[in-house]
Amino acid sequence: MRILIVLFLIISMSVRAQDSTAKKIRFSLEGMIGVSFGNNLVAVNVGGPNLKLKVGEHWSVGICALPSLFIHDGKPEPKLGLGFRVDYRRFVFLVPGYYISNQSKWLWSYGLGYKFH
């Protein structure tokens, strides 16, 4: 992961150094942290991969994967949540679902998050 970050930084510096009249390429890292609640569950979510559709200047909707610290019936465990998100500026409304394999069912939650750059 560190190698990729360094590579992106080198590429972005070399693109800017070549020609000031060329179109600028912007690289940025975006993170998100959120908390979601459901039936007997609490999850602390961090931003994972997502596919977004920009709907306006400040709005976007998408589907996402959310690596989470999942607490169900008082038992914490790391779990990957899959769900939907709506972004408005730096705020995120989340609707992640978590698959419980030993019960063969999905548990859904909802929550809020904050994006940072």
Side-chain angles (χ1 to χ4, degrees):
M1 183 65 166
R2 291 181 187 171
I3 294 171
L4 288 175
I5 293 172
V6 171
L7 183 63
F8 284 135
L9 290 174
I10 291 170
I11 290 171
S12 95
M13 284 185 235
S14 68
V15 168
R16 287 185 182 184
Q18 288 177 4
D19 187 8
S20 62
T21 60
K23 291 186 180 184
K24 292 183 181 180
I25 298 174
R26 266 185 32 190
F27 292 102
S28 67
L29 297 175
E30 179 181 289
M32 188 275 302
I33 187 162
V35 177
S36 61
F37 302 91
N39 192 13
N40 295 325
L41 78 90
V42 175
V44 178
N45 312 294
V46 294
N50 63 76
L51 178 63
K52 289 194 290 189
L53 173 64
K54 294 272 295 168
V55 182
E57 184 178 342
H58 302 292
W59 289 91
S60 63
V61 295
I63 55 176
C64 59
L66 294 164
S68 306
L69 175 61
F70 177 81
I71 304 168
H72 182 250
D73 293 332
K75 299 175 189 171
E77 66 176 293
K79 193 172 274 293
L80 182 64
L82 301 173
F84 307 97
R85 68 186 270 173
V86 176
D87 298 24
Y88 176 72
R89 295 185 184 237
R90 291 187 177 258
F91 298 98
V92 181
F93 175 69
L94 308 165
V95 184
Y98 301 92
Y99 186 70
I100 309 300
S101 58
N102 61 354
Q103 299 175 6
S104 296
K105 69 177 185 177
W106 284 85
L107 292 179
W108 290 92
S109 62
Y110 58 91
L112 295 174
Y114 182 78
K115 292 191 306 186
F116 51 91
H117 296 277

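We count residues from 1, following the sequence as given.
Within the 4.5 Å cutoff, the side chain of Phe91 has no heavy atoms near those of the Leu112 side chain.
Residue Val55 is grouped with residue Val86 when hydrophobic side chains (ILVMFWY) are merged at heavy-atom distances under 4.5 angstrom, including chains of intermediate members.
Residue pairs satisfying the salt bridge (charged side-chain N to carboxylate O under 4.0 Å, His left out) criterion with at least one member in residues 97-107, sequence neighbours excluded, are absent. The list of salt bridge (charged side-chain N to carboxylate O under 4.0 Å, His left out) pairs with a residue in residues 34-51, not counting sequence neighbours, is empty.
For Glu77, there are no side chain to side chain donor-acceptor pair (under 3.5 Å) partners, not counting sequence neighbours. By the side chain to side chain donor-acceptor pair (under 3.5 Å) test, Ser36 pairs with Asn45, Ser109, sequence neighbours left out. For Tyr88, the ring pair (Phe, Tyr, Trp, His ring centres under 6.0 Å) partners two or more places apart in sequence, or in a different chain, are Trp59. Take Lys75 and apply the side chain to side chain donor-acceptor pair (under 3.5 Å) test, not counting sequence neighbours, and it matches no residue. Shown here are the ring pair (Phe, Tyr, Trp, His ring centres under 6.0 Å) partners of Phe93, two or more places apart in sequence or in another chain: there are none. Residues forming a ring pair (Phe, Tyr, Trp, His ring centres under 6.0 Å) with Tyr99 (at least two apart in sequence, or on another chain): Trp106. Under the rule for a ring pair (Phe, Tyr, Trp, His ring centres under 6.0 Å), Phe84 has no partner lying at least two apart in sequence or in another chain. Residues forming a side chain to side chain donor-acceptor pair (under 3.5 Å) with Lys115 (at least two apart in sequence, or on another chain): Asp87.
Hydrophobic cluster membership for Leu41: Phe70, Tyr98, Ile100, Leu107 (Ile, Leu, Val, Met, Phe, Trp, Tyr linked by side-chain heavy atoms under 4.5 Å, directly or transitively). Cluster partners of Leu66 are Met32, Val92, Leu94, counting Ile, Leu, Val, Met, Phe, Trp and Tyr whose side-chain heavy atoms approach within less than 4.5 Å, directly or via other members.
In this structure, CZ in Arg90 is found 12.0 Å from NE2 in His58, a value given to the nearest 0.5 Å.
When all heavy atoms of Gly81 and Ser68 are compared, the pair lying nearest together is N-OG, 4.4 Å. Of all heavy-atom pairs spanning Leu80 and Pro67, the tightest one is CD1-N, 3.7 Å.
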